[in-house]
Engineer: 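There's a structure below that I have some questions on.
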Amino acid sequence: MPELIEIEAYRRLAEEAALDREIVDVVAPDAWWLKGGLTAEILRDALLGRRFTAARRIGKRLLLPTDGDGPLLGLRFGMTGRLLVDGAAGVDQLQYSSNRDVAAWDRLAVRFAGGGDLRVRDPRRLGGAELDPDEARLGPDATTLGPAGLRRALHGSRAPLKARLMDQARISGLGNLLVDEALFQAGLDPAREAGSLADTELRRLHRAMRRTLGDLTARGGSHTGETGPARRPEGVCPRDGTPMVRRTIGGRTTWSCPRHQR
DNA sequence: ATTGTGGCCTGCCCGC
DNA sequence: TGCGGGCAGGCCACAA
């Protein structure tokens, strides 16, 4: 599914290929996909004649400001959304989603002068588009979060560590796979109380988070972690061979090693 | 305020 | 062979 790593790839694609092109048409056939009172007509009127001036990202949200006094287009991708510019995808493979090319799954198309477009293809319709989203509702981005920021995000919380790490209002960008991988690398039990981490554990988690983001970006996505193959029945810990444990934590399927994650 | 739960959505996979 | 149930999880509304 798209997490921070995939959205960053989308951002880069948009930055390289979708900026400074005049918008001549907007197609948004799925009312459900438009959030915050947005309609196809409002969106169209707001974007026609304008150009995207930048491609920013906060966590899993892609932000496309427009020129003049135009609005900012905010895009969420849910778990199956893909970004395409001129038909080229920002990410080749998306786990848990279909990679088939089905035009009926296009929830938004922004067409540019001279041909070509920016499109979001989202089979399960869990993403959405919004104008001028409230950015203050998002916590600091996981890629820029320092050890002190991580401590602040976890401090005093009695929620499970994993739930807190996935809370986009505290830290933005981490989803199910990235969090499981980072906790695996850090040797921490996802069910631990978030506020219970000692200083050494906090630093270990911070390092693991940074390393996980770097490694998985280099390897090609959130699904390429060391724990990937172990996320199945009969799966064993790639580090010590212990049978992996499957639980629901923070409402999400969670795989962890009962031996070295404590 | 904080934490937990259920539901949305639908393609895909497995078992019968 | 076709069918139906379960599964995947980001996000939000709502409850306690």
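Convention: sequence-line order gives letters A, B, ...; per-chain numbering from 1.
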Engineer: Over how many whole Å does the gap from A/D167 atom CG to C/dG10 atom P extend?
Structural biologist: 13 Å
Engineer: Taking atom types as they are modelled, would you say the side chain of A/R124 forms a donor-acceptor pair with the base of C/dA8 within the 3.5 Å cutoff?
Structural biologist: yes
Engineer: Of all the nucleotides listed (C/dC12, B/dT3, B/dG7), which has the minimum atom distance to the side chain of A/R252?
Structural biologist: B/dG7
Engineer: Over all strands shown, is A/R170 touching base, sugar-phosphate only, or nothing at heavy-atom distances under 4.0 angstrom?
Structural biologist: sugar-phosphate
Engineer: Determine, stepwise, if the pair A/S172 / A/R61 fulfils side-chain hydrogen bond (donor to acceptor under 3.5 Å, both in side chains).
Structural biologist: CA-CA 9 Å; A/S172 58; A/R61 198 175 291 253; over 6 Å; no
Engineer: The side chain of A/R76 lies closest to which of these nucleotides: C/dC11, B/dG11, C/dA8?
Structural biologist: C/dC11
Engineer: Taking A/R44 first and then A/E41, would you say they form a salt bridge - that is, a charged N and a carboxylate O separated by under 4.0 Å?
Structural biologist: no
Engineer: Using a cut-off of 4.0 Å on non-hydrogen atoms, how would the nucleic acid contact of A/R125 be classed: base, sugar-phosphate, or nothing?
Structural biologist: sugar-phosphate
Engineer: Where the side chain of A/E3 is defined as all heavy atoms beyond and including C-beta, which of C/dG10, B/dC8, C/dC12 is the nearest nucleotide?
Structural biologist: C/dG10
Engineer: Let me know the distance between CH2 of A/W255 and P of C/dC7, rounded to the nearest Å.
Structural biologist: 12 Å
Engineer: What I want to find out is whether A/D106 reaches A/R121 closely enough, with some N-O distance under 4.0 Å, to be called a salt bridge.
Structural biologist: yes
Engineer: Send over the distance from A/N176 CG to C/dA8 P, rounded to a whole Å.
Structural biologist: 9 Å
Engineer: To the side chain of A/A159, which of B/dG4, B/dC9, C/dG10 is closest?
Structural biologist: B/dG4
Engineer: Are A/D45 and A/R50 within salt-bridge range, i.e. N to O under 4.0 Å?
Structural biologist: no
Engineer: Between A/R158 and A/R107, name the one whose nearest nucleotide on DNA chain B is closer to the 5' end.
Structural biologist: A/R158
Engineer: Check the distance between C/dG10's C1' and A/L138's CG and give it to me in whole angstrom.
Structural biologist: 13 Å
Engineer: OP1 or OP2 of B/dT2 versus the side-chain N and O atoms of A/R164: is any pair under 4.0 Å?
Structural biologist: no
Engineer: Over how many whole Å does the gap from A/K35 atom NZ to B/dC8 atom P extend?
Structural biologist: 13 Å
Engineer: Specify the separation, in whole Å, of atom CG of A/D180 and atom P of C/dG10.
Structural biologist: 10 Å
Engineer: Separation of A/W33 atom CH2 from C/dG10 atom P, in whole Å?
Structural biologist: 16 Å
Engineer: Describe the nucleic acid contact of A/R246 in one word from base, sugar-phosphate, nothing, applying a heavy-atom distance below 4.0 Å.
Structural biologist: sugar-phosphate
Engineer: Please tell me which of the listed nucleotides, B/dC9, C/dC11, C/dC12, lies nearest to the side chain of A/R137?
Structural biologist: C/dC12
Engineer: Surrounding CZ of A/R219 (heavy atoms of other residues, nucleotides or ligands, distance under 6.0 Å), is the total greater than 12?
Structural biologist: yes
Engineer: Is there a side-chain polar atom (N or O) of A/S157 under 4.0 Å from OP1 or OP2 of B/dT3?
Structural biologist: yes
Engineer: Without decimals, in angstroms, what is the distance between A/K60 NZ and C/dC12 C1'?
Structural biologist: 13 Å
